[in-house]
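Reading through the structure tokens given below for one structure.
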Amino acid sequence: MRIFTKKLPHPDLPAEEKAQLLQNAEYQEMMVESTFMYLTLDLPTAPLYKDEKEQLIIPQVPLFSILAKFNGVTEKEYKTYKENFLKRFQLTKLPPYLIFCIKRFTKNNFFVEKNPTIVNFPIT
């Protein structure tokens, strides 16, 4: 797997400072090749509102849409305490078997929430 990482400047900086920082080598895109044991897939957030029948909507998502994270084009922002990064992932070679870890639980300040989204796997 290739992991492309690009550091982002702080969003509160003025535009000319951002442009100047983006010229530094620290803010250029870096590529790292890595092996993996399994792929962690992120689910889209669950809806907050109920449908017209006053029932909660359970969204469905195809497997291919959550695998798009690894197509080498889709970028995702990752935040740490100090810095923000844009990351892209590209699978270069597939193993004989793929293991998926679907990230369903998110920690809140008060409790752990479960995302009820259904992942549709292709049958054919």
Donor-acceptor under 3.5 Å (Asn115 side chain, Pro44 main chain): yes

Centroid-centroid distance, Phe85 to Tyr78, less than 6.0 Å: no

More than 12 heavy atoms from other groups under 6.0 Å of CE on Met37: no

Salt-bridge criterion met for Arg88 and Glu29 (N-O under 4.0 Å): yes

Straight-line distance of Leu21 CG to Glu16 CD, nearest 0.5 Å: 11.0 Å

Euclidean distance, Asp42 CG relative to Arg104 CZ, rounded to 0.5 Å: 12.5 Å

For Phe100, the option from Leu67, Thr40, Ile66, Val119 that meets side chain to side chain contact (heavy atoms under 4.5 Å, CB included): Leu67

Carboxylate-amine/guanidinium proximity below 4.0 Å for Glu75 and Lys87: no

Distance, nearest 0.5 Å, that separates CG of Leu22 from OH of Tyr27: 8.0 Å

Side-chain (Glu83) to main-chain (Lys79) donor-acceptor, under 3.5 angstrom: no

Spacing of Thr5 atom OG1 and Phe89 atom CZ [to the nearest 0.5 Å]: 7.0 Å

Short side-chain to backbone donor-acceptor contact, Thr74 and Ala68, under 3.5 Å: yes

Flag if over 12 foreign heavy atoms under 6.0 Å of NZ, Lys69: yes

Inter-residue atom distance Leu8.CG - His10.NE2, 0.5 Å rounding: 11.5 Å

